[in-house]
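To start, the structure itself, in structure tokens.
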2 protein chains.
Amino acid sequence: MAKLDFSPIADTTRRAEIVALLRRAILTGQLEPGQKLNELRIAEQMRVSRAPLREAMRELVQEGILTSIPYAGTFVIEVTAKDIIDAYSLNQVLDEFAIERTWPLRDQRFFDELDRRHDAVKEATRAKDTTRQIETALQLHGLIYEWADNSVLLETWQRLTSRLQMYFALHQRARNEPVPAEDVHETYVALMKGSDMRAAQRHAREHIDLDFEELLAYARGLEKRALKN
Amino acid sequence: MAKLDFSPIADTTRRAEIVALLRRAILTGQLEPGQKLNELRIAEQMRVSRAPLREAMRELVQEGILTSIPYAGTFVIEVTAKDIIDAYSLNQVLDEFAIERTWPLRDQRFFDELDRRHDAVKEATRAKDTTRQIETALQLHGLIYEWADNSVLLETWQRLTSRLQMYFALHQRARNEPVPAEDVHETYVALMKGSDMRAAQRHAREHIDLDFEELLAYARGLEKRALKN
DNA sequence: GACAAGCAGATTGTCGACAATCTAACAAGA
DNA sequence: TCTTGTTAGATTGTCGACAATCTGCTTGTC
């Protein structure tokens, strides 16, 4: 028999599609932080009953981008400056760990995939598709987690990614201007191909710090506005 | 008005209670790894309809202790040696980070709470209540996460805890003998009260390694058995 | 005018029934 | 004998309706 590994076929439950739809809406900022999700309304719009919608919402609550209060409703999480700081500082630690674990496992396939994802970022940048740019940048960054051969680490990263993507999207929408050049990624990719692991780890940490400053400033603005209400 | 902070009242939805019941059943090993959860049967036993039960199961799937295959069923996750290795290696990294962040925030309340939780472990050990012993030991360990003032880190730890507790419970049930002395915790508590952060971090890492060896041996046994089927 | 009680509307939580899908056993054909 | 098609039973996925709860308004009382 020919060695042909098929990928698992797509989940064809309504629930899975609803999860994907809602997640996308939240991460792109179509649903704003703090906004309430009215079950009846959303169910009608999606032409779906409330049962699978509610199950989907439970998943997103556990995923950390929705929050639920019994008999009151389910809401998109609020974003505070502290949340962003917390997420980023944890991300730094995880990055360091992921690079350490991935390092000895790097091979040609890794380098090829690294280039492929880097190209995707450049493509999105050229097309000025900011949403896709965030997505692809996070996917590029996520490669070290996929390669680290640690399923628990990968899961943790994926949870964190949801939030990071949401934060970035908020940020981008707020300042509404073209996104940073991809120089940072250029250096990152070069370092990940190189032989100095410590340098790669250091860069990952600093690279994050870079965009972090801007993001944080935005978050502080959010908090001030929130205080007025 | 008197400064009196009330704790939030309990969630009174069936769903929340079902989650708690199921989680406990899984973490104590009443529901074995790989076992299928029949919705109809469980719903009848709990005198509850399938709707809240299914929502509860979605939460536990996202929490990482159940796994779901569309139209096939929801199962307790299987435990492999690799899973345990992965969880522990990540735990080491997180511990180091948590201690670093908690360190400057330690105060009298922290020390008191540390002692309180340590006493709880000792009490459970005296009572030879192995399940409770695991719980309390993890709670003692979790204090650094609660104190680190990083919500994302805390969430991550709580997710990880579920698994660790499940692994430990499996292990204990398998060897079915009294549990290790609490000397390890004694040293840990002392170090957390001391002034040498590096020493505390080092100990946390080694302490984990200790039980880890046994747990890992057990996990390898599990894998061999699985291969026979 | 201030405040508590009570009511109406809207929304979430839960239920029982039906539809879609899977599994396993069996039958038919090469 | 092996494979393929069929079918019955069981189980999961989805639906529409009802119950429980919350929110805001109105009303009545002081």
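By convention in this document, chain letters (A, B, ...) are assigned in the order of the sequence lines, proteins followed by strands, and residues within each chain are numbered from 1.
- Comparing the end axes of the helix from C:dG1-D:dC30 to C:dA30-D:dT1, each fitted to five base pairs by superposing C1' atoms of four pairs onto the next four, gives an inter-axis angle of 10° (nearest 10 degrees).
- Residues passing the salt bridge (Lys or Arg N to Asp or Glu O under 4.0 Å) test with A:Glu78: none are found, sequence neighbours excluded.
- Under the salt bridge (Lys or Arg N to Asp or Glu O under 4.0 Å) criterion, A:Arg126 pairs with A:Glu123, not counting sequence neighbours.
- Judged as a side chain to side chain donor-acceptor pair (under 3.5 Å), and not counting sequence neighbours, A:Glu32 has no contacts.
- Take A:Asp86 and apply the salt bridge (Lys or Arg N to Asp or Glu O under 4.0 Å) test, not counting sequence neighbours, and it matches A:Lys82.
- A heavy atom lying under 4.0 Å from DNA chain D marks the following residues of residues 33-50 of chain B, by number: B:Lys36, B:Leu37, B:Asn38, B:Glu39, B:Arg50.
- Atom-to-atom distance recorded for A:Leu140:CG and A:Glu135:CD is 13.5 Å, nearest 0.5 angstrom.
- Both A:Ala72 and B:Tyr71 lie near DNA chain D, and the one whose nearest nucleotide falls closer to the 5' end is B:Tyr71.
- A:Ser151 has its side chain within reach of B:Asp83: a pair of non-hydrogen atoms, C-beta onward, lies under 4.5 Å apart.
- Remark: B:Phe110 pairs with B:Trp147 by the ring pair (Phe, Tyr, Trp, His ring centres under 6.0 Å) rule, at least two apart or across chains.
- Residues meeting the ring pair (Phe, Tyr, Trp, His ring centres under 6.0 Å) test with B:Tyr167, sequence neighbours left out: none.
- When DNA chain D is scanned in the 5' to 3' direction for atoms under 4.0 Å from non-hydrogen atoms of chain B, the outermost contacting nucleotides are D:dT11 to D:dT14.
- For the pair A:Arg101/A:Leu105, no side-chain contact is recorded, criterion being any heavy-atom separation below 4.5 Å from C-beta on.
- A donor-acceptor contact under 3.5 angstrom links the side chains of B:Gln108 and B:Asp112, judged on distance only.
- Every residue meeting the side-chain contact (heavy atoms from CB on, under 4.5 Å) condition with B:Thr74, not counting sequence neighbours, appears here in chain and number order: B:Met57, B:Arg58, B:Val61, B:Leu66, B:Ser68.
- B:Phe97 pairs by the ring pair (Phe, Tyr, Trp, His ring centres under 6.0 Å) definition with nothing, not counting sequence neighbours.
- A heavy-atom distance below 4.0 Å to DNA chain D is reached by these residues of residues 51-67 of chain B, ordered by number: B:Arg54, B:Arg58.
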